[in-house]
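Chain letters run A, B, ... following the sequence lines, proteins first, then strands; residues in each count from 1. Source: prediction; values computed, not measured. Just so it is clear, the values below take in all heavy atoms, side chains as well, and ignore hydrogens, waters and symmetry mates.
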There are 6 protein chains.
Amino acid sequence: MLDAYRSAWTDVAAHLRGTPIAILPFGALEQHGPQLPLGTDTATATEVARRLAERLDAVLLPPIHYGDTWNNAGYPGTLSLSPATVTAIAVDLGRALADSGAELFVVVNGDWGNRNPLAAAMRTLAVEGRLRAIALDYPGMDAAIEAVRESRGAAPGLNHAEEAETSIMLAIDPDAVHPDRFAPSYPVFPSDFGTRPMQLHPFSESGVFGDPSRATAAKGERILAETVEASLAVLADLLPHR
Amino acid sequence: MLDAYRSAWTDVAAHLRGTPIAILPFGALEQHGPQLPLGTDTATATEVARRLAERLDAVLLPPIHYGDTWNNAGYPGTLSLSPATVTAIAVDLGRALADSGAELFVVVNGDWGNRNPLAAAMRTLAVEGRLRAIALDYPGMDAAIEAVRESRGAAPGLNHAEEAETSIMLAIDPDAVHPDRFAPSYPVFPSDFGTRPMQLHPFSESGVFGDPSRATAAKGERILAETVEASLAVLADLLPHR
Amino acid sequence: MLDAYRSAWTDVAAHLRGTPIAILPFGALEQHGPQLPLGTDTATATEVARRLAERLDAVLLPPIHYGDTWNNAGYPGTLSLSPATVTAIAVDLGRALADSGAELFVVVNGDWGNRNPLAAAMRTLAVEGRLRAIALDYPGMDAAIEAVRESRGAAPGLNHAEEAETSIMLAIDPDAVHPDRFAPSYPVFPSDFGTRPMQLHPFSESGVFGDPSRATAAKGERILAETVEASLAVLADLLPHR
Amino acid sequence: MLDAYRSAWTDVAAHLRGTPIAILPFGALEQHGPQLPLGTDTATATEVARRLAERLDAVLLPPIHYGDTWNNAGYPGTLSLSPATVTAIAVDLGRALADSGAELFVVVNGDWGNRNPLAAAMRTLAVEGRLRAIALDYPGMDAAIEAVRESRGAAPGLNHAEEAETSIMLAIDPDAVHPDRFAPSYPVFPSDFGTRPMQLHPFSESGVFGDPSRATAAKGERILAETVEASLAVLADLLPHR
Amino acid sequence: MLDAYRSAWTDVAAHLRGTPIAILPFGALEQHGPQLPLGTDTATATEVARRLAERLDAVLLPPIHYGDTWNNAGYPGTLSLSPATVTAIAVDLGRALADSGAELFVVVNGDWGNRNPLAAAMRTLAVEGRLRAIALDYPGMDAAIEAVRESRGAAPGLNHAEEAETSIMLAIDPDAVHPDRFAPSYPVFPSDFGTRPMQLHPFSESGVFGDPSRATAAKGERILAETVEASLAVLADLLPHR
Amino acid sequence: MLDAYRSAWTDVAAHLRGTPIAILPFGALEQHGPQLPLGTDTATATEVARRLAERLDAVLLPPIHYGDTWNNAGYPGTLSLSPATVTAIAVDLGRALADSGAELFVVVNGDWGNRNPLAAAMRTLAVEGRLRAIALDYPGMDAAIEAVRESRGAAPGLNHAEEAETSIMLAIDPDAVHPDRFAPSYPVFPSDFGTRPMQLHPFSESGVFGDPSRATAAKGERILAETVEASLAVLADLLPHR
């Protein structure tokens, strides 16, 4: 594994000749309640990407710290990119990686809002056909969360600033977590929630969607570990053969 | 000073209400010879931004790790964004900061290739008029370099992977520097260098443009300190009055 | 209910003043095996839209006959729009409907590939805030298919040119179905299918993904009816109150 | 002739191998007075296209039901696409047809506002050079109208919702025509009409520009027939030779 | 009349306060056979614009020397802009003129290929509604040409580098005309000429489409004068009332 | 040297075969105080370009009369193009010149605001690699101004409508200069001038930034001559070898 950020180009070039895989964490600067940092999505994606890079002996790229997080843009401090910008970043980096000799470009996506823009980027790279490109939306994470969760989420499929995400941050960066601010929040959702694009701040003051008080680092570690294993399974058949 | 990456949105929101200044390091993943890491520009911009944030009690934003570094794109590992992508990132973040209550958006630019795209972004934000936005291209740094430099640069105004940049990285992150690889390189430039867009790899094998062997952390510290002071002078009249 | 295609503008204008709802079927011209017509997605979306318009006394718009169907573009006769074109069509029509007095714009999407581009359009319209806009991706249809299906699908969630779609077309337009060509096809999928953008023709000669031979019009009718009911449930809270 | 909408891809693929011609009706959802349906332009273009497809044994594509009809956008129910969207649709479909083996792409344009955007698309396809592409703006129709017309038009070259268009719809779809609403309308045009882009609703309440009361299906049939003949003459030298 | 190119901004500002009309010649650098200069279209548009400015006491803007002349791009020396660039120039200038206090923006278009892109620009300015904008495509010129012409044109409506255009240049800038190169040329046109976008060089070696040998300055002067009169008639009702 | 504007395409084609160099003056219509014409930048660039064309026996192209002059857009009569338009013009013309056989495309830029947009265009052309393209920003001019200047400028590097520019116009087109309006103006600049995009009209009523009263044609001639020599030195190594 090689951390591109702190490595010389000559070392990265040599590493890619041996293992032509590069892994990019794509995060967001997004509200995660009063108890978790704005960088939660980036930190999580970076941790998953780092573990994948170690397992695959890949080049770990420095993260994109911002994503398309329009849904949370009503909470000050959240800084959202437009979807076109997210797509452009991933396409530009994919092309540059192909120029650098990479054969597999893995994007570890940490933000729900990046899904569609990254899918668009992956398709553009697929059409160009210069390298394999895949955006991982945390395969296995939902199942892992279900297995450890003790409190219910605020809505199906919405694991935001609650037990699961708080557990993950306790595992990754406990000093950035504020346990004194753990407070459950189960907003009353608009009846059309989930059916069309919608921002969250009109019906959630804190930005918490569940109960962080049952969070533990051990749960977070298990979620991360299972996500990494499931990601490796997805990647298994894409790996360059040398 | 508040580090947005590790802070909750509620803390950032409160901080911006008191001091509505946000500082973004805009770097690049760009070759810096065999002795310096690809993240040199980002590390430098982040260090300058961090010091400015401390002095101004501002919100420090997590860095953009990639920039428009087409000139160096021929060195594998260098991953360049297109200029339009650089502009889009800065415009998107400027707008989001205005939504979040910031009144001054300072971009600390660490990469030569970002200058024009960031100038375009600053103008767009100026026309929109929702907050003051300024991109700092290291004011004072050239003078500081001249004051400490013991080896000549390879070309006027081109301080790339030589004594000055190596000194800066020795001051910021010495473990990422490879002193055993310090080797001077004074390429023969094409006669039209500097007059039109041009990539560097055709005439420089290593990507070093000068002599890193005289680099010291003390020189780097002085360059950083003087750049910060000059930056503060530029910013003095832009600060919000509270 | 008013069919805009065959109605005068004065009648549509009057109808929208009473019931300001417009429904657009968004289809595709996409291969559906040798037994079903290229217009299958459009026909299905139009039928669902027509029933919804009747139930809601809405204006039924004429369908978009083409969609983003890049996955099937390798089968001649399939004519795919780019995702940007799909988004542009939906945004243009949403704006024009707001100008015409509509308050709710329902897009009945008949093509998997349109999902992301239509979601982007819905968000643009949501940000503009001139009318409520929602793209329905056949709510309830998967459950209805599971309830009637006698043959297995070729892959989870991929109901393409098999028992379910053939049943639907038998219910809508039996003369356009070729029962003499019913032939099961269970392709061997690439191991990375579903994880990244991929075209289908390299591993499926006929374009059939399952077994059409168990299809019946009754099953199709049930699928349609349950999709309509589930769609009405989704729309219930979005309806303009008069 | 093959109707792509109701044909399987395998049949369309085979047909294009024999006769590589595809014909697309490009219409509009545009006001045509109180007596004619919004779909008048699409219905007319589809009828002409169907007849051409029969004569040339071509593949008939399902119509585009919307066009650039900004001039009429002030009449509710008219839904106009932007010119860029019209161009994009035609370019996307032209490229997809080339991929599908077509050698001649005939667009039968039914809407005045589509002329410029379709001309732009045809030029793009001409530059790409993958197939011949032509947009027909009803050659012969003006002469045919002059030959049958008994009432004068409201302005030279403006045959909108008057005797000619009403006759055409009586020939194509008489049940969609409201004879009880036939009312002549000769608006007073602004003196600069025809010299610069202008919307029609400020000076025409009904959207009728002439006198529909003399319309007959026989006149409509003659207009259609002569337009088809003139179109065939234009196409004669473009036909693929097999 | 004020020539903006050679006038101070203070004079132009004052003039626009009295007569808020600005006139822009939009030309092309396009082949006009061996006997006429590449700047023929610009020279003609500039002459017509100058005369209009005198008659209307308007501000004459310096010309755009390049246009969309793709049809002639196969003749070296012809330098064509893309249609989007032509549109952008006219929109930018129209907006800037509105900022400067102009109320009427007259574009005198000298190039056939600019028609559609300028029409698109005029519509954008019409929608924005900040000033009246009109592109004149030489009203009255065809009739004037018919009245003086002694040789036939090579194709209906195609007056290119033949008797008429040569006469105009003899009237405007006789020293730039090469009478020794006057040579008739009546190319054999492809049978589909005029029905779809097409370049001219494949069937015309010289770029002449008619017979320049009957050209005289007097004919040119008459064509110009009648074009100016017809243009004034078109503009009559658009003039600002003071 | 050949003046393309008044030359036939056949002559330009032949000339480019012998000397494949084309020179484009890129100006602006920009306020230059009450004493100088709006076309000052274009006139200057055209004069420098004409002299270069004579020295290099190149093809002189007609000028672009408009540029990106947003800084001065607050003075009526100034007509600014957007930066994207400036870039598009230069890219379009560079491509067309490559098609016409040119091997070197020299843009003589007369307007500060065009620098970044033209640099972007030059890079695009460099990446395409079809011809060498260079934008000259008046090399040598600053030194020449310093050598002749008797009055100080209003700000470092800002030579606008003062002694130097007035001298240049006295040398090029003295009849367009108003000596009776010579009036020094030394505005009080905002403290952040030069650090971020900013318009000039809020702090300068006349648009003069210095003292035109010491201007002479002889100074202007010397500035022009030295700029031409320095430009030739820059171009020396780019010239095509025949």
S.K.: Do you know which of A:Asp3, A:Thr40, A:Thr42 has the most heavy-atom pairs under 4.5 Å to chain B?
M.R.: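 Heavy-atom pairs under 4.5 Å are most numerous for A:Thr42.
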S.K.: Under a 4.5 Å heavy-atom cut-off, does chain B meet the side chain of A:Ser206, its backbone, both or neither?
M.R.: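 Contact with chain B: backbone only.
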S.K.: Highest number of heavy-atom pairs under 4.5 Å with chain B: which of A:Val177, A:Leu81, A:Val91?
M.R.: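 Top count of heavy-atom pairs under 4.5 Å with chain B: A:Leu81.
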S.K.: So, do A:Asp92 and B:Leu79 sit near enough that their side-chain heavy atoms are less than 4.5 Å apart?
M.R.: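 Contact flag for A:Asp92/B:Leu79 side chains = no.
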S.K.: Donor-acceptor pair, distance only, cut-off 3.5 Å: does the side chain of B:Ser100 make one with the backbone of A:Gly77?
M.R.: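 Yes, the answer is positive, given that a donor and an acceptor are paired below the 3.5 Å cut-off.
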S.K.: From A:Leu36 CG over to B:Arg6 CZ, what is the distance, rounded to the nearest 0.5 angstrom?
M.R.: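 Nearest 0.5 Å value for the CG-CZ distance: 12.5 Å.
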S.K.: Using 0.5 Å steps for rounding, measure from the OG1 atom of A:Thr10 to the CZ atom of B:Arg181.
M.R.: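 These two atoms lie 4.5 Å from each other.
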S.K.: Could you tell me which of A:Ala13, A:Ala84, A:Pro63, A:Gly207 has the largest number of non-hydrogen atom pairs under 4.5 Å with chain B?
M.R.: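 Looking at each option in turn, the highest pair count goes to A:Pro63.
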S.K.: For B:Leu29, is it the side chain, the backbone, both, or neither that has a heavy atom closer than 4.5 Å to a heavy atom of chain A?
M.R.: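 Contact with chain A: side chain only.
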S.K.: Which residue out of A:Ser7, A:Ala73, A:Ala161, A:Ala102 racks up the most heavy-atom pairs below 4.5 Å with chain B?
M.R.: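 Maximum pair count with chain B is reached by A:Ser7.
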S.K.: With chain A as the partner, which of B:Ile89, B:Asn72, B:Val12, B:Asp99 has the greatest number of non-hydrogen pairs under 4.5 Å?
M.R.: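 Result: the option with the highest number of such pairs is B:Ile89.
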S.K.: Under 4.5 Å, counting heavy-atom pairs only, tell me which of B:Asp173, B:Thr78, B:Val86 racks up the most with chain A.
M.R.: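 With the most close heavy-atom pairs to chain A, the winner is B:Asp173.
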S.K.: Measure distances from B:His15 to the heavy atoms of chain A and classify the residue's part below 4.5 Å as side chain, backbone, both or neither.
M.R.: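 Looking at B:His15, nothing touches chain A.
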S.K.: Roughly how far, to the nearest 0.5 Å, is the NE2 atom of A:His65 from the CG atom of B:Leu61?
M.R.: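 The CG atom of B:Leu61 sits 10.5 Å away from the NE2 atom of A:His65.
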S.K.: Could you tell me whether B:Trp70 atom CH2 has more than 12 heavy atoms of other residues or ligands within 6.0 Å of it?
M.R.: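 Counting neighbours around CH2 of B:Trp70, more than 12 heavy atoms of other residues, nucleotides or ligands fall under 6.0 Å, so yes.
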S.K.: Examine distances only and state if a side-chain atom of A:Tyr66 and a backbone atom of B:Pro62 form a donor-acceptor pair shorter than 3.5 Å.
M.R.: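 Yes, the answer is positive, given that a donor and an acceptor are paired below the 3.5 Å cut-off.
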S.K.: Below 4.5 Å from any heavy atom of chain A, which atoms of B:Leu2 appear? Answer side chain, backbone, both or neither.
M.R.: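 Contact with chain A: none, neither part.
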S.K.: Tell me, out of B:Ala43, B:Gly74, B:Ala22, B:Gly27, who's got the most heavy-atom pairs with chain A below 4.5 Å.
M.R.: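 The residue among B:Ala43, B:Gly74, B:Ala22, B:Gly27 with the greatest pair count is B:Ala43.
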S.K.: Given a strict heavy-atom distance threshold of 4.5 Å, which part of B:Ser82 is in contact with chain A: side chain, backbone, both, or neither?
M.R.: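 Both backbone and side chain.
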S.K.: Which pair of heavy atoms, one from B:Ala8 and one from A:Pro34, lies closest together, and at what distance?
M.R.: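 Looks like CB-O, 3.3 Å.
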S.K.: Looking at every non-hydrogen atom in both residues, tell me the closest pair between A:Trp9 and B:Glu205 and how far apart they are.
M.R.: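 Minimum heavy-atom separation between A:Trp9 and B:Glu205: CZ2-O, 3.5 Å.
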